[in-house]
Protein chains: 2
Amino acid sequence: MSVESRRGRRKTGPSIEDVARLAGVSAQTVSRVSTGADSVRPATRARVVAAMDQLGYAPNRAARALRNGSFGTLGLLAHRFERTGEALTMKAVVEAAKAENHSVTLLDVDDPRADGWEHAAQRLSHQAIDGLVIIRAEQATPDSLALPAGLPIAVSDSRLVGYYPCVVADQVQGSEAAVRHLLALGHRTVHHLAGPADSDPAALRAATWQRCLEEVGIRPPQLWRGDWSAASGYSMGRQIADDPAVTAIFCANDEMAFGVMRALAERGRRVPEDVSVVGFDGIELSEFATPPLTTVRQDFHRIGRELVRLVMLQLQSQAAVSRDRVVLPTELVVRGTTAPPPA
Amino acid sequence: MSVESRRGRRKTGPSIEDVARLAGVSAQTVSRVSTGADSVRPATRARVVAAMDQLGYAPNRAARALRNGSFGTLGLLAHRFERTGEALTMKAVVEAAKAENHSVTLLDVDDPRADGWEHAAQRLSHQAIDGLVIIRAEQATPDSLALPAGLPIAVSDSRLVGYYPCVVADQVQGSEAAVRHLLALGHRTVHHLAGPADSDPAALRAATWQRCLEEVGIRPPQLWRGDWSAASGYSMGRQIADDPAVTAIFCANDEMAFGVMRALAERGRRVPEDVSVVGFDGIELSEFATPPLTTVRQDFHRIGRELVRLVMLQLQSQAAVSRDRVVLPTELVVRGTTAPPPA
DNA sequence: GCTTGATATGTTTACGTCAACATTTTGGCG
DNA sequence: CGCCAAAATGTTGACGTAAACATATCAAGC
């Protein structure tokens, strides 16, 4: 039968019927073999399997999804997932989902500012997904996401925390460790290069930095703000580097720390002899900066795994899952960019 | 009706029938509105749309896929897609697919060495995809991928090139530019830190490096081999740095260049005064290394777009697409890590 | 060999959608 | 007003699968 004759449909592979005919059994028996279930005599099973192999049969997922009402697919909503942290989380999500026999469909949001999230949410309902993982939905607010009711969801750091089951890294602990480490080295104050204002983790890191200083009676200096990119770190760094009073900079992520370090180098200020720098995230390259970057490591892999766990939990027990956050520890990794201030 | 009563299926949203009933039309009319097609009187259309909104109707994608024989989904097969190059390509693939109204499903391969690709290919046939994009399938060979016949495919740099429609960056041109740049600066020879032996792009870069040297009568020195990671660059770099004859290193990617530069710094060899370093890829952070890394930029975004284009081409015209490769230019970006050799 | 209870297999049906075909309504024109 | 083509809407059926139910086959005990 030609492709055209089939009412405009694209050709599909051999069906369960074809296998049944060849194996001399009913379609249902083939289905039983295919789902691995139930009681099928070994001889029959072998015949069916042989027929499957011969025809190159593979179950039609659309039909299965329609029949079962589930797709075996999780949606992954993110923007800028080419960033290291997002990419690592994503990787873990895919792995964890695979362990649960689910695949992952990427849902991109190009410009979250311009109603991108709404559009993504709109498209969502048209997607074939059983659950949704949202990572770093920075500009998204609970209202802006008109999510289908009953769709299992888990979110990572973002404003959505508290509205959905969520997984967060311990921003506070990590930021405290970073600031206190610098103070313990003898720095009179610590400057902060924050992430964008609409980012929840950025706000948390900045607030913690401020509190840590105030707790020891230091009035926090002017806060600098970047957009997570190394380029923004560089352009801010050029300004920061001109202030001789600056001896310690806590950057809200590693990329910006790279930018800052380049700016410092260009201004002839040595790291760590003249200025100490701390990053956040613990990306692979942070270890291979010159000198290696002191940073706060987040376990992105575990974040991804936990996100999937939360979604699968909702998927399996219809019951609602606690909206409390799962908090994962962070860890200060002291390397070569921090030292006591110049005498 | 309760969820349980529905024969164990998970609940699905309102169906086309529900909308039809509420709007007082037939299901087919709702379908027409939903597909945007055909002739529906404005008044009728409005009634249907209102009913859709009221019920929060969204077409069931599984049913649509079953009916149409297509899923509106592309598969993206990769391993280590947390790497910068892969992540950027992926991002472009998702964007381009979205422009074609397709979503992207991630297919991970954990350990390509141990029959990972076969498994991935196996799972593939169980996936609900209309086409497949393979990026950097390093260990995969055409034979190891028992891909469903007739599945539109496009591959990026890998051994699969030549077997499927493919998109590659111009490794040769980029590598030539890098090596010749170093020679032009006056270096007596150029060392090479290659990628893993089973990588096609790595082999191409190494071969081009070798040829460029031989063409000007230089006998290529020992080749060093890493695994793309910064850590491998570092450990190789520690050995390379001990050889005082080394004044120029062409690294097969930027991450390894970072590792090499840290190793050089630890050994007290200055970049670029004592040793020049060139990377490959042009990742964001390369610009913010200290000093900024001279590298060969690849347009990952364009690679991703082209991959999708090739798949969509096959999807639309049943005709087979040329298996010739689409070659995209690369560009040497000279920054701060290259200089004439020490006198 | 016959009954019985278990185990293996077959038959029917519905999942939600949309192409094809059938039917009704609309509007233009004599 | 009535006729007819064109436009709008309705009816039917099939896509491939698997649950529910129905039937057939089997092994064991008497």
Side-chain angles (χ1 to χ4, degrees), chain A residues 1 3-21 23-48 51-52 55-72 125-128 130, chain B residues 1 3-21 23-48 51-52 55 57-72 125-128:
Chain A
M1 182 178 354
V3 170
E4 289 69 26
S5 73
R6 306 190 58 175
R7 296 220 255 163
R9 289 186 181 88
R10 202 169 295 147
K11 80 151 185 291
T12 58
S15 83
I16 210 171
E17 287 286 356
D18 302 323
V19 176
R21 206 171 312 120
V25 298
S26 75
Q28 181 56 31
T29 299
V30 177
S31 170
R32 280 192 260 260
V33 172
S34 158
T35 51
D38 265 317
S39 41
V40 179
R41 216 173 339 176
T44 311
R45 180 182 301 272
R47 269 213 323 285
V48 171
M52 282 177 167
L55 294 176
Y57 167 81
N60 180 315
R61 294 248 304 182
R64 248 189 200 175
L66 177 58
R67 184 63 184 75
N68 298 336
S70 94
F71 299 88
S125 35
H126 296 253
Q127 288 298 338
D130 301 321
Chain B
M1 183 178 352
V3 171
E4 289 69 28
S5 74
R6 307 188 57 174
R7 296 221 253 165
R9 289 188 181 87
R10 202 169 293 147
K11 82 151 185 291
T12 57
S15 83
I16 210 171
E17 287 285 357
D18 301 324
V19 175
R21 206 170 311 120
V25 298
S26 74
Q28 181 55 32
T29 298
V30 176
S31 170
R32 281 192 260 260
V33 171
S34 159
T35 50
D38 266 317
S39 41
V40 179
R41 215 170 342 174
T44 312
R45 180 182 301 272
R47 269 212 324 287
V48 171
M52 283 176 166
L55 295 176
Y57 166 81
N60 180 313
R61 292 247 304 182
R64 239 180 210 183
L66 177 58
R67 184 63 183 71
N68 298 335
S70 95
F71 298 88
S125 35
H126 296 252
Q127 289 297 339

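Chain naming here is simple, since letters A, B, ... match the order of the sequence lines and numbering starts at 1 in each.
- The interatomic distance linking Met52(A) (CE) with dT17(D) (C1') rounds to 12 Å, in whole Å.
- You'll find that the side chain of Asn60(B) is closest to dT17(C), out of dG10(C), dT17(C), dT9(D).
- Take the nearest nucleotide of DNA chain D for Ala63(B) and for Arg41(B): the residue whose nucleotide is more 5' is Arg41(B).
- Close to dT9(D), at under 4.0 Å from its OP1 or OP2, lies no side-chain N or O of Ser39(B).
- Here the CZ atom belonging to Arg45(B) is positioned 10.5 Å from the OG1 atom belonging to Thr29(B), to the nearest 0.5 angstrom.
- In the set dC18(C), dG10(C), dT17(D), the nucleotide with an atom closest to the side chain of Gln28(B) is dC18(C).
- Straight-line distance from the CZ atom of Arg61(A) to the C1' atom of dC15(C): 17 Å, rounded to whole Å.
- For Leu66(B), the listed nucleotide lying nearest its side chain is dG16(D); candidates were dA18(D), dG16(D), dT9(D).
- When all heavy atoms of Ala62(A) and Leu66(B) are compared, the pair lying nearest together is CB-N, 3.6 Å.
- Contact between the side-chain N/O atoms of Arg67(B) and the OP1/OP2 oxygens of dA19(C) is not found at any separation under 4.0 Å.
- The CD atom of Glu17(A) sits 9 Å away from the P atom of dT17(D) (whole-angstrom rounding).
- Look at Ser34(B) and you won't find any side-chain N or O under 4.0 angstrom from OP1 or OP2 of dT17(C).
- Computed from coordinates, the Arg47(B) CZ to dT9(D) C1' distance equals 11 Å when rounded to whole Å.
- The heavy-atom pair separating Pro14(B) from Tyr57(B) by the smallest distance is O-CD1, 3.3 Å.
- For the pair Thr35(B) and Arg64(B), the minimum side-chain heavy-atom distance is below 4.5 Å.
- If Val30(A) and Pro42(B) are placed on DNA chain D by their nearest nucleotide, the residue sitting closer to the 5' end is Pro42(B).
- For the pair Ser15(B) and dG16(C), the criterion of a side-chain N or O lying under 4.0 Å from OP1 or OP2 is not met.
- dA7(D) atom C1' lies 11 Å from atom CZ of Arg32(B), rounded to whole Å.
- Taking each heavy atom of Ala23(B) and Arg47(B) in turn, the nearest pair found is O-NE, 3.0 Å.
- In this structure, OG in Ser26(A) is found 12.5 Å from CZ in Arg21(A), a value given to the nearest 0.5 Å.
- Residues Arg61(B) and Gly72(B) share a closest heavy-atom pair of NH2-O, 4.1 Å.
- Remark: P of dC15(D) and CZ of Arg64(A) are 18 Å apart, rounded to the nearest angstrom.
- Distances shown here put a side-chain N or O of Thr44(B) below 4.0 Å from the OP1 or OP2 atom of dT9(D).
- Each end of the helix from dG1(C)-dC30(D) to dG30(C)-dC1(D) gets its own rotation axis from five pairs of C1' atoms, and the angle between them is 40° to the nearest 10 degrees.
- Per the geometry, CG belonging to Asn68(A) stands 11 Å off P belonging to dT17(D), to the nearest Å.
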